[in-house]
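Just so you know, these numbers use all the heavy atoms, side chains as well, and skip hydrogens, waters and symmetry mates.
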Amino acid sequence: MSGEPQAKRTKMSALDQLKQYSTVVADTGDFEAMKAYKPTDATTNPSLILSAAGMEQYQHLLDKAVKYAKEVGSTVEEQVAETLDMLSVLFALEILKIIPGRVSVEIDARLSFDKDASISKAIKLIDMFAEHGIKKERILIKLASTWEGIQAAKELEKKHGIHCNLTLLFSLYQAIACAEANVTLISPFVGRILDWHVKSTGKTYEGKDDPGVISVTRIYNYYKKYGYKTQVMAASFRNTGEICELAGCDLLTIGPKFLKELAASEQPMKKVLDPKVAEQSDLEKISLNEAQFRWNMNEDQMGTDKLSEGIRMFASDTRKLESLIKALLAKK
């Protein structure tokens, strides 16, 4: 009897086991969740910031961003744009006080097809972080995995030493283009791939049969087989089963709901993805130029549907955030 409590105390939660195989990233704008689950990195996007901006505990960040914008912007349009940029920076600064690693900061989705504008915005944000004493090594600039977004990331990495996280990624062809561009990180969206297949087929999928799990496993194996340095960070999960099937992926970005489930569970976790296994895969090397990339994306209905939908959703949430900012500017 005396040894039983000790045995219970030494059991590791599923979350702690998972951290042995993959870097865990918090997919949330909620600072309290980050403090509770102790991820290494964190990521934000317009939807998360919009949600957080509506909460009382984050109102001071919004007020601070608006005050800054009124000082530097001469027109309402300039003030709205400056508020958006500063809000992204302020949220990231708070996050960096909590986590030991990096935070991903998203470029406006409406720039997804404008390489030069994406580069300019990324450099501006990095400069804003530098003014607050944050080195660029702790920031990942998040761009949509369009051809233009990938080429912007290529230039940012090579010419400016700015590390990038390519998001809204749904296909192997996007992943290959990112790896060829030597970007730091990609974020394939597991759950949104599952959503598309469930809607289009009416079937249910579990475990290794989950289309999102299959896609990320293939990308991971391709990267490891051919020695790419770009890391894979699986994102957008619909259940903890998907997370368990991808244990061993370089990084996993997980929302508070599933972080809580994993922290409360003591189910055994095993490493599923492994570089040694990947090296034995039969995946053939693929080379892509712009025309081949666009053609293969055109042939991939799921990838094309979810990429365009994701860009529209993030742009919509950015516009909602702008409306909130305009209302605040009018009051100040």
For a 4.5 angstrom cut-off between non-hydrogen side-chain atoms, does [X] reach [Y]?
X: K121; Y: L111; answer: yes
X: L185; Y: L166; answer: no
X: Q267; Y: Q17; answer: no
X: M128; Y: L125; answer: yes
X: V198; Y: T204; answer: no
X: Y205; Y: P211; answer: yes
X: L329; Y: V80; answer: yes
X: I254; Y: L18; answer: yes

Give, for atom [atom1] of [X] and atom [atom2] of [Y], the distance between the pair rounded to the nearest 0.5 Å.
X: S200; Y: M302; atom1: OG; atom2: CE; result: 9.5 Å
X: M55; Y: L50; atom1: CE; atom2: CG; result: 10.0 Å
X: I95; Y: R138; atom1: CD1; atom2: CZ; result: 11.0 Å
X: K67; Y: L328; atom1: NZ; atom2: CG; result: 14.5 Å
X: K306; Y: L169; atom1: NZ; atom2: CG; result: 14.0 Å

For [X] and [Y], indicate whether the former's side chain and the latter's backbone hold a donor-acceptor pair under 3.5 Å.
X: S112; Y: A109; answer: yes
X: K136; Y: H160; answer: yes
X: E94; Y: F91; answer: no
X: E322; Y: E77; answer: no
X: S281; Y: A278; answer: yes
X: Y223; Y: A175; answer: yes
X: E78; Y: S74; answer: yes
X: K142; Y: T44; answer: yes
X: S316; Y: R312; answer: no
X: Q174; Y: S171; answer: yes

Take atom [atom1] in [X]; do more than 12 heavy atoms of anything else shown fall under 6.0 Å from it?
X: F293; atom1: CZ; result: yes
X: Q57; atom1: CD; result: yes
X: K285; atom1: NZ; result: yes
X: K154; atom1: NZ; result: no
X: K124; atom1: NZ; result: yes
X: K257; atom1: NZ; result: no

For this session: Let me see the working for V105 and F129 under side chain to side chain contact (heavy atoms under 4.5 Å, CB included), right down to the final yes or no.
Result: CA-CA 11 Å; V105 179; F129 280 109; 3.8 Å; yes
For this session: Please name the residue in the list N165, T167, T43 that meets the side chain to side chain donor-acceptor pair (under 3.5 Å) test with S187.
Result: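 By the side chain to side chain donor-acceptor pair (under 3.5 Å) criterion, S187 pairs with just one of N165, T167, T43: N165.
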Exercise. Testing E157, Q231, R102 for side chain to side chain donor-acceptor pair (under 3.5 Å) with T184, which one passes?
Worked result: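 Exactly one option meets the side chain to side chain donor-acceptor pair (under 3.5 Å) with T184, and it is E157.
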For [X] against [Y], the heavy-atom pair lying closest together:
X: T230; Y: C178; answer: OG1-O, 4.0 Å
X: C249; Y: V232; answer: SG-O, 3.4 Å
X: Y37; Y: P256; answer: CE1-O, 4.2 Å
X: K270; Y: Y21; answer: C-CE1, 3.7 Å
X: L143; Y: C164; answer: CD1-SG, 3.9 Å
X: L288; Y: A177; answer: CD1-N, 4.2 Å

Problem set entry | Name of the residue among N221, V190, I193 meeting side chain to side chain contact (heavy atoms under 4.5 Å, CB included) with V216 |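 Of the listed options, the one satisfying the test is V190.
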Exercise. Where does the angle between the aromatic ring planes of Y58 and F31 fall among parallel (under 30°), tilted (30 to 60°) and perpendicular (over 60°)?
Worked result: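 Taking F31 first and then Y58, their aromatic rings stand perpendicular (interplane angle over 60°).
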Exercise. Do the side-chain N and O atoms of E180 and Y228 include a donor-acceptor pair separated by under 3.5 angstrom?
Worked result: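 Yes, a side-chain donor-acceptor pair sits under 3.5 Å.
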For this session: Return yes if a side-chain donor-acceptor contact under 3.5 Å exists between E266 and S13, otherwise no.
Result: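 Result is no, nothing qualifies.
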Problem set entry | salt bridge (Lys or Arg N to Asp or Glu O under 4.0 Å) assessment of K276 paired with D274 | CA-CA 5 Å; K276 292 180 181 178; D274 190 312; over 6 Å; no
For this session: Go through E71 and K64 one step at a time and tell me if the salt bridge (Lys or Arg N to Asp or Glu O under 4.0 Å) criterion holds.
Result: CA-CA 11 Å; E71 292 172 356; K64 188 174 180 180; over 6 Å; no
Exercise. Can a cation-pi geometry be assigned to R218 and Y226, taking NZ or CZ under 6.0 Å from the six-membered ring centre and within 45° of the ring axis?
Worked result: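 Checked: cation-pi criterion not met.
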For this session: Please lay out, stage by stage, how K70 and E82 fare under the test salt bridge (Lys or Arg N to Asp or Glu O under 4.0 Å).
Result: CA-CA 9 Å; K70 288 184 81 74; E82 293 292 348; over 6 Å; no
Exercise. Are V277 and I214 grouped together when hydrophobic residues (ILVMFWY) are joined by side-chain heavy atoms under 4.5 angstrom apart?
Worked result: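 Per the 4.5 Å side-chain linkage, V277 and I214 are not co-clustered.
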For this session: Please answer: with hydrophobic residues joined when any side-chain heavy atoms are less than 4.5 Å apart, are F170 and W295 in the same cluster?
Result: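 Result: no, two separate clusters.
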Problem set entry | salt bridge (Lys or Arg N to Asp or Glu O under 4.0 Å) assessment of E279 paired with K225 | CA-CA 4 Å; E279 289 170 7; K225 181 177 177 69; over 6 Å; no
Problem set entry | Full working for side chain to side chain contact (heavy atoms under 4.5 Å, CB included) between L168 and F314 | CA-CA 10 Å; L168 295 175; F314 283 156; 3.9 Å; yes
For this session: For the pair R294 and E148, find out whether any cationic side-chain nitrogen is under 4.0 Å from an anionic carboxylate oxygen.
Result: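 Judged by the 4.0 Å cut-off on N to carboxylate O distance, R294 and E148 do form a salt bridge.
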